[in-house]
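Here the structure is laid out as structure tokens; the discussion comes afterwards.
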Amino acid sequence: MGVLGVLSLSITPYAFVLAVFGSVFAALILRIVYCQFFHPLAKFPGPWWATSFSLVGAIISVKYKEPQFLTYLVRKYGTDQPIRISPTMLVFPRPAAARDIYWDPKCNVKSGLYGTGALGPPSLFSTLDGEQHRQLRKALSNAPWTIGQLKNRWEQRFDEQVTLFVGKMREHATAGRVVCLSDKVAEFAADIMSMISFTNAFGCVKNQRDEKHILTNWRIGLDFFGFVGRFRFFREKIIPMPYVGRYFLPSVDNEVGMGWLMCEADRQVSAREKLVAEKGFDDAPDFMQHCLEARYSDGSPLTPVQKRSHVTLLIQAGADTTGTALGSILRFITTTPGVFARARAEIEEADRAGHLSTPILYEETRRHLPYFVACIKEGVRLNPPATNLFARIAPKGGKVIDGHFIPEGTEITAYAYVMQRDNELYGEDANEFRPERWLESEKRTNELEAVQFSFGMGPRVCFGKDVAYMEMFKLLPEIVRRFDVEVLQKGEYVVAGGVAYNQNFLGRFVERMGEKGKL
Ligand code: HEM
């Protein structure tokens, strides 16, 4: 009788199950022992359950508790040293560390957390290699990303959208309707994004709904994006499997989530390519046209997949992020005692002095509404719309970051939500919405500006930052100028997969009356 025969005679089903469970248990214990005592990152503080299993971080993300988790860790371990939050990742809580990480070209390799395919095929954002990213970014810099270009080429179109928004909110005000304030401004951001990308806005503001379910689909996709990036075994072993992996990733055939966004981008690119082939394109180029016409240094265009992935990226990166900033700032302004009144007084004074157009121009807010600008900066500081684990890889030979030697291959990241509430830099009131902190002195403002991380930092800083600022500088003061806002429910700022949105922020716009009637 062979060995198997002997085993099948002597092992009962109960013993077999016990043996399987025993082996799994032993493997888990061994893993914990390795991660806690022998791993190159073992000396850094962090909870044993999260630093032994990356699944823990993935679950925390899906439960929308990442900012709370990281805040708890900073309270527990302090800010003097990096905190280990997964077997392979360190978070640096102090602002000084962010400069060490993000401005060093040697650290410009992104962690595999980005490269899961959960946002679709690779784009600028999910290209891991630093050199490939540099070339791609250069090719795409042909679009008018900077504020100077935006003012010349796009501000008038922004004005049309602001006017439309004010008109629609008037209708709600007249009807005394309760609206989700954060959704209304997010719909505005979705329209701006679709307008600059495809020339014509999707029509969220015009139709007063989440047109094409663009915001809903984005939010649906975030849970998986957060989970797969953080759960290392899943992203490295399951996703690359030929059939199983493909089952989880978004595709243009999906009717919801990120796959739907890819499908919409594909439709837009294909329609434009057909139009160009049939009639040529002689309109002022929108951002999609810039993607289609982008060229590498050797003159070659983006591949068809890259064209589509970058148009998808415009929808993903530009709509709800700015929508969240608008919603959060509006909530801070309307619910922090004294802020709304002061912001309104500043606008009225600037109006009386004849400094403001209708709608307000970007430059007018920048020059004449310093308190309002401070409110915007303070809102983006406290509620960063993209507070992800923007992890890079420590370079060959390791690197000293904020005074600590970090071994090569470590995933290293800052975290905006925590870093921008650092007591050492902001003082004891770091968690409070206090716009005045941005107005103390030029030196202090510059000191704070230098370490803001809401839009990232260094060679991969947000490409659309100025688009977002133009929206914030134009829409928000216009709302405060024209409406009183009656807040019925503050709602909450939710972080899903490292990206935030606001929900249940409910209230009414109440139209103001001037001496000559409606303002
Ligand atoms: C308040 C609104 C926004 C926030 C908070 C935000 C935040 C960010 C952050 C943090 C990054 C860097 C991520 C990293 O280091 O990996 C980023 C990258 C990017 N953002 Fe934004 N973003 C916003 C709006 C926009 C808009 C409106 C657009 C497009 C019009 C846009 C397009 C991009 C692109 C293309 C990248 C990739 C840049 C690169 O990797 O070179 N973003 N954004």
Side-chain angles (χ1 to χ4, degrees), residues 41 44-46 50-51 54 57 60-61 66-86 88-114 125-126 128 130 133 226 229-230 317 321 325 377 380-395 398-426 430-431 447-463 465 495 497-500:
L41 301 184
F44 295 104
T51 56
S54 62
I60 289 169
S61 167
E66 200 162 75
Q68 293 81 346
F69 175 56
L70 284 151
T71 304
Y72 154 78
L73 294 182
V74 166
R75 247 187 244 129
K76 180 162 179 190
Y77 299 113
T79 57
D80 289 346
Q81 52 190 330
I83 301 171
R84 191 175 172 206
I85 60 160
S86 83
T88 50
M89 190 182 290
L90 297 178
V91 168
F92 291 78
R94 286 174 18 146
R99 281 197 300 260
D100 286 350
I101 299 172
Y102 295 97
W103 283 106
D104 181 351
K106 286 199 208 122
C107 290
N108 194 15
V109 175
K110 280 188 163 179
S111 133
L113 186 143
Y114 285 88
F125 179 75
S126 49
L128 305 188
H133 169 267
R230 283 153 183 76
T321 46
K377 289 180 181 169
V380 172
R381 172 182 81 84
L382 283 172
N383 277 189
T387 182
N388 210 344
L389 300 168
F390 291 121
R392 309 294 194 255
I393 301 294
K399 177 176 168 63
V400 175
I401 300 173
D402 200 20
H404 300 271
F405 178 77
I406 308 302
E408 74 180 60
T410 307
E411 294 174 291
I412 45 180
T413 190
Y415 191 73
Y417 186 90
V418 161
M419 195 176 101
Q420 290 169 186
R421 289 165 184 253
D422 178 48
N423 288 126
E424 215 174 293
L425 180 66
Y426 297 97
N431 284 318
E447 187 189 6
L448 297 184
E449 297 273 15
V451 292
Q452 291 313 296
F453 190 55
S454 291
F455 289 92
M457 231 182 234
R460 296 197 189 231
V461 71
C462 175
F463 233 155
K465 184 175 174 178
V495 176
V499 187

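- Taken to the nearest 0.5 Å, the CG atom of Asn108 stands 11.0 Å off from the CH2 atom of Trp103.
- Within the 4.5 Å cutoff, side-chain heavy atoms of Leu448 are placed close to those of Leu425.
- Remark: side-chain polar atoms of Ser454 are paired, donor with acceptor, to backbone N or O of Val380 under 3.5 angstrom.
- Between atom CD1 of residue Ile406 and atom CZ of residue Phe92 there is a gap of 3.5 Å, rounded to the nearest 0.5 Å.
- Ile85 is listed as a side-chain neighbour of Leu73, based on a closest heavy-atom distance under 4.5 Å.
- The distance from the NZ atom of Lys399 to the CG atom of Asp104 is 3.5 Å, given to the nearest 0.5 Å.
- Within the model, atoms OG of Ser86 and CG of Leu389 stand 8.5 Å from one another, a figure rounded to the nearest 0.5 Å.
- In this structure, Gly46 and Ile83 approach most closely via the heavy-atom pair CA-CG2, 4.5 Å.
- Taking both residues in full, the closest heavy atoms of Ala430 and Arg421 are given as CB-O, 3.4 Å, listed atom of the first, atom of the second, then distance.
- When all heavy atoms of Val495 and Pro67 are compared, the pair lying nearest together is CG2-CG, 3.5 Å.
- Every pair passing side chain to side chain donor-acceptor pair (under 3.5 Å) that includes a residue from residues 401-419 is listed here, sequence neighbours excluded: Thr88-Glu411, Arg94-Asp402, Tyr102-Thr413, Ser111-Glu411, Arg235-Glu411.
- Closest approach of Arg460 to Phe125, counting heavy atoms only: NH1-O, 4.4 Å.
- In this structure, the separation between CE on Met89 and CD1 on Ile393 is 8.0 Å, given to the nearest 0.5 Å.
- Contact annotation: the side chain of Leu41 approaches that of Pro407 to within less than 4.5 Å [non-hydrogen atoms, C-beta and beyond].
- At least one donor-acceptor pair under 3.5 Å links the side chain of Gln420 to the backbone N or O of Phe453.
- Nearest heavy-atom pair across Phe69 and Ala50 is CZ-CB, 4.0 Å.
- The minimum heavy-atom distance between Thr387 and Glu66, with the atom names listed, is O-OE1, 4.4 Å.
- Atom CD1 in Ile412 sits 3.5 Å away from atom CD1 in Ile401 (nearest 0.5 Å).
- Residues Asn431 and Tyr426 form no side-chain contact, since every pair of their non-hydrogen atoms from C-beta on lies 4.5 Å or further apart.
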